Amino acid sequence: NPMLRINDKMSIKNLNISENEVEDSIVIVDSNTSIDNLVANSNKSVGRGVININSGKTLTVDHQEYSDNEARFGGALYVAGTYINRDKGLSWSNNIATEKGGAIYIAEGGKINLSQANTFITNQAAEGAAIYAEKLSSTDLVIPKAEFNNNAATSGGVISFGGELELSDVKFTDTKQSAAFIDNINKNATIDKAIISSISFVRNATGGKGIALTNVRNGSKVENITGS
């Protein structure tokens, strides 16, 4: 059982979730909820992310911090509903997923609205070192500006996604990656597309697959890719 299950519409101020260990999610969001000042540090969930947003529910957060969390799917967040981040300059650091989504796992039907200037630092997973998404439409995951620094996946990308994806003004730095940085998990899909622009790669290394993109096709638009 979670330590906190939110069943009714609620506004919460100053929620600190630190140094807990549970079987499956510490906080389950089962109603539309807003939180002002959320700290989630050094937690461990054997199953889904430390915070689990259920299908059809929305979590809106101002002022937040996610670091040193661990789960099987989504080290910090497991999103089957909708997550709205109102912070600018948010850092996701040192989160681990033993399988997929080092910082964030987006289940089919989940949606994420990231404000500008997110930084993903030293997150780890087998697939999706920073973000893993099962099946996206074009509005489910839009990353308008972000930096991915020193994230590591053993098989899939720093961002592993299925479906549609929109990235713009995104930078990958100081990363040693065994596979592609942006990887479409639906290798045999026929309807996937991506809009990817103004992506830069600085001081990165990869083995086996292409350093930038794999399996991104079918109506995709890719422009302004630079590397140094």
Side-chain angles (χ1 to χ4, degrees), residues 2-20 22 25-45 48-71 73-97 101-107 109-123 128 130-133 136-149 151 159 165-171:
M3 292 185 173
L4 175 62
R5 180 184 291 272
I6 304 171
N7 291 319
D8 296 315
K9 185 176 182 180
M10 188 177 297
S11 295
I12 300 172
K13 188 173 180 67
N14 300 326
L15 177 60
N16 189 315
I17 309 162
S18 299
E19 299 182 356
N20 301 286
V22 296
S25 299
I26 293 169
V27 176
I28 293 181
V29 178
D30 206 18
S31 183
N32 293 340
T33 302
S34 63
I35 301 175
D36 184 4
N37 193 22
L38 167 64
V39 176
N41 292 335
S42 302
N43 299 286
K44 183 175 182 179
S45 169
R48 293 171 292 181
V50 172
I51 298 174
N52 178 358
I53 306 168
N54 278 341
S55 178
K57 312 304 178 186
T58 298
L59 174 64
T60 304
V61 187
D62 292 275
H63 310 107
Q64 58 207 298
E65 175 185 338
Y66 305 95
S67 65
D68 300 293
N69 300 291
E70 181 178 337
F73 301 108
L77 289 181
Y78 182 96
V79 182
T82 299
Y83 167 74
I84 300 174
N85 162 30
R86 289 182 174 168
D87 283 352
K88 291 186 178 180
L90 174 61
S91 176
W92 309 74
S93 62
N94 303 312
N95 299 289
I96 297 173
I104 301 170
Y105 185 104
I106 308 171
K111 300 177 183 291
I112 282 195
N113 183 342
L114 291 177
S115 61
Q116 292 192 5
N118 280 255
T119 304
F120 293 83
I121 304 171
T122 321
N123 300 286
I131 300 171
Y132 183 97
L136 300 170
S137 73
S138 59
T139 58
D140 291 347
L141 175 59
V142 178
I143 303 177
K145 184 176 183 180
E147 181 169 346
F148 296 84
N149 189 333
N151 300 279
I159 300 173
L165 175 70
E166 184 173 337
L167 299 177
S168 63
D169 196 8
V170 173
K171 185 177 183 180

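FYI, the numbering just counts along the sequence from 1. This one's a predicted model, so the numbers in the text were calculated from it and none came from an experiment.
- Between the side chains of S34 and S11, at least one donor N or O lies within less than 3.5 Å of an accepting N or O.
- Minimum heavy-atom separation, Y78 to A107: OH-CB, 3.7 Å.
- Relative orientation of the W92 and Y83 rings is perpendicular, given thresholds of 30° and 60° on the angle between their planes.
- Interatomic distance, CG of N16 versus CD of E65, reported as 9.0 Å (0.5 Å rounding).
- The closest donor-acceptor contact from the side chain of N32 to the backbone of K9 lies at 3.5 Å or more, if one exists at all.
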Review point. Given the rule in the side-chain hydrogen bond (donor to acceptor under 3.5 Å, both in side chains) test, do S42 and S18 qualify, once you have shown the distances and angles that lead to the verdict?
Key: CA-CA 6 Å; S42 302; S18 299; over 6 Å; no

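- The CZ atom of F148 sits 11.5 Å away from the CD1 atom of I121 when rounded to the nearest 0.5 Å.
- Minimum heavy-atom separation, I106 to K111: CG2-N, 4.3 Å.
- Taking every heavy atom of both residues into account, A130 and F120 meet most closely at CB-CD2, 3.9 Å.
- Between N54 and R5, the shortest heavy-atom contact is ND2-NH1, 4.4 Å.
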Point to revise | Worked verdict on N20 versus N43 for side-chain hydrogen bond (donor to acceptor under 3.5 Å, both in side chains) | key: CA-CA 5 Å; N20 301 286; N43 299 286; 3.0 Å; yes

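- For the side chain to side chain donor-acceptor pair (under 3.5 Å) with D36, the qualifying choice from R86, Q64, K13 is K13, the only one to do so.
- Tested against I12 for a side chain to side chain contact (heavy atoms under 4.5 Å, CB included), the candidates V61, V27, N37, T33 yield a single pass: T33.
- Interatomic distance, S45 OG to I51 CD1, rounded to the nearest 0.5 Å: 11.0 Å.
- We find the CG-CG distance between L59 and L38 to be 7.5 Å, quoted to the nearest 0.5 Å.
- The CD1 atom of I17 lies 6.5 Å from the CD1 atom of I35; values are rounded to the nearest 0.5 Å.
- Residues S31 and D8 share a closest heavy-atom pair of OG-C, 3.0 Å.
- No hydrogens or angles considered: a donor-acceptor pair under 3.5 Å links the side chains of N123 and N151.
- Considering all non-hydrogen atoms of both residues, N95 and G102 come closest at CB-O, 3.2 Å.
- Of the inter-residue distances, the one linking N113 atom CG with I84 atom CD1 reads 6.0 Å to the nearest 0.5 angstrom.
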